[in-house]
Amino acid sequence: MYDKIKPPTTGAKITFKNGEPVVPDNPIIPFIRGDGTGIDIWPAAQKVLDAAVAKAYNGQRQISWFKVYAGDEACDLYGTYQYLPQDTLTAIEEYGVAIKGPLTTPVGGGIRSLNVALRQIFDLYACVRPCRYYAGTPSPHKNPEKLDVIVYRENTEDIYLGIEWRQGSEIGDRLIKILNEDLIPATPEHGKKQIPLDAGIGIKPISKKGSQRLVRRAIKHALTLPKDKQQVTLVHKGNIMKYTEGAFRDWGYELATSEFRQETVTERESWILSNKEKNPNISLEDNARQIDPGFDALTQEKKTQIVKEVETVLNAIWDSHGNGKWKDKIMVNDRIADSIFQQIQTRPDEYSILATMNLNGDYLSDAAAAIVGGLGMGPGANIGDACAVFEATHGTAPKHAGLDRINPGSVILSGVMMLEYLGWQEAADLVKKGLGDAIANRQVTYDLARLLEPAVEPLKCSEFADAIIKHFG
Ligand SMILES: NC(=O)C1=CN([C@@H]2O[C@H](COP(=O)(O)OP(=O)(O)OC[C@H]3O[C@@H](n4cnc5c(N)ncnc54)[C@H](OP(=O)(O)O)[C@@H]3O)[C@@H](O)[C@H]2O)C=CC1
Ligand SMILES: O=C(O)CCC(=O)C(=O)O
Ligand SMILES: [Mg+2]
């Protein structure tokens, strides 16, 4: 079944039932070490995770690690250009849950991202990246503790599908010709626009199914959060990209107000309901005037549409959501992407789950991680219905590779997410305690040490792992 690798001789497979993992006490978990700093952070993370499991369960539970190959290491073993060997895909498919270090993707030409390929091959459609603050972590922000968000990023489509044509390529030129001469003129809203003849072309598909399954998972996650964090914000640039990013927003609201009608309220619905709560006799038109600034300047057609919206909302949910009942529901709102980048800095505590398309979520998860201490503190998970692959938000950070200095925190915290996914909460809690206490005691790697005042001598990557284990208690 495998060409160059052998599964461990002890351990059992994780299986899936209704999208949830069924976990034996000794699960076999494939891991990819990763390129660049993977050589430093993976061994540190493995040591911490093993120590936590051993301590939490007195040896009753144990992970049987299965080394699989991708990236540079895979080429060394399997030969030139064998970046993602079939052995690795077979192992992840067979064992269902895996963890990986970062993998290099060249800019411009060269191979397409192995990271993205894994997400697409296993349909890991939700990229979940929590950004929370550990006390004592230095940050460029005055109140980093106010940020506690989870980026829920659609992980399989958008421009990451990688359907694009190089400038000057035969098919790219043909496509531009068809668009310029046929499709654009046939679409009146595009007027006389034309694509420059020397353009590269990329395709940005955003599907209803892809958007809604992501938002569904985000809402289900919100239901498990404390009341004050039960919020899902749909992030989009739908004012500009109306039929892709705008549609993502609309499909998100559609899902929330159909599948989760009893559990959710949209921000706009909450305004309509509270207008009536403050003034029970308010007319539909005055209610519409209050939810839409500039109402009086609108066309009659638009005014009628908004009045109708108010009436529909009140008829549909006044009984179930009115008289303040909406305050106990999951709030679903939306923000335009550029605005959310400033909002997480200026009003971080107003946000919780940020549901995004692929590119926006990629940008936003790095930005949010920066607020709580940087990319060394940014964990992540790629989750599908029958498979999950855990990995940090950051990349291979090549200039730090092999120096035993990089912060392994993000991969360790990705391991925490994996332990929680397995239901091994006691082990996950030990790691969080150890990491939190190490940081609070100013035992940190270079990235955090350089921000601390007064400065401290940085720990090596491996020493930070040891410090975390010592602080398990
Ligand atoms: N999922 C994946 O495997 C990902 C892979 N990549 C790939 O990684 C390669 C390098 O990408 P690049 O743009 O340099 O981005 P990286 O995220 O690899 O690194 C950028 C900078 O972030 C900081 N950083 C990254 N990781 C850590 C860490 N563990 N601890 C502390 N600081 C950290 C470092 O900043 P400083 O030097 O200032 O301390 C580093 O120089 C590319 O090929 C890219 O495609 C990128 C993202 C995700
Ligand atoms: O695959 C890559 O090289 C980059 C991916 C990335 O930046 C991410 O998923 O956050
Ligand atoms: Mg990224």
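Atoms within a ligand are numbered from 1 in the order they appear, just like the ligands themselves. From a predicted model like this one, the values you see are computed outputs, not experimental measurements.
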With a cut-off of 2.8 Å, which protein N/O/S atoms are close to the Mg ion (ligand 3), if we only count those under it? D362 OD1
I would like to know whether Q60 and N58 meet side-chain hydrogen bond (donor to acceptor under 3.5 Å, both in side chains); could you show each step before the answer? CA-CA 6 Å; Q60 295 299 304; N58 288 320; over 6 Å; no
Would R119 pass as a cation-pi partner of F122, given that its NZ or CZ must be under 6.0 Å from the six-membered ring centre and within 45 degrees of the axis? no
Answer yes or no: is there a side-chain heavy-atom contact under 4.5 Å between Y446 and I406? yes
Any non-hydrogen side-chain atom of L118 less than 4.5 Å from a side-chain atom of K100? yes
ring-ring contact (aromatic ring centres under 6.0 Å, His included) partner of F390, the single match among W42, F31, Y421: Y421
Exercise: do Q342 and T346 side chains pair donor with acceptor under 3.5 Å: yes
Proximal protein residues to ligand 2, non-hydrogen atoms under 4.0 angstrom: T105, S113, N115, R119, R129, R153, D362, T393
Using side-chain heavy atoms (C-beta onward) and a distance below 4.5 Å, is F341 in contact with V235? no
Between D362 and R153, is there a salt bridge with N-O shorter than 4.0 Å? yes
Non-hydrogen side-chain atoms of S410 and T393 separated by less than 4.5 Å: no
Derivation of the side-chain hydrogen bond (donor to acceptor under 3.5 Å, both in side chains) call for R268 and Y253: CA-CA 11 Å; R268 215 166 145 83; Y253 278 132; over 6 Å; no
Output all residues satisfying ring-ring contact (aromatic ring centres under 6.0 Å, His included) with Y95, sequence neighbours left out; order by chain, then residue number. F66
Which heavy atom of I176 sits nearest a heavy atom of P196, and at what distance? CD1-O, 3.9 Å
Sorted by chain and residue number, the residues having a heavy atom closer than 4.0 Å to an atom of ligand 1 are K100, P102, L103, T104, T105, N115, R119, L375, G376, E391, T393, H394, G395, T396, A397, P398, K399, H400, I406, N407, Y446, D447, R450
Rounded distance [0.5 Å steps], SG in C127 versus CD in E391: 7.0 Å
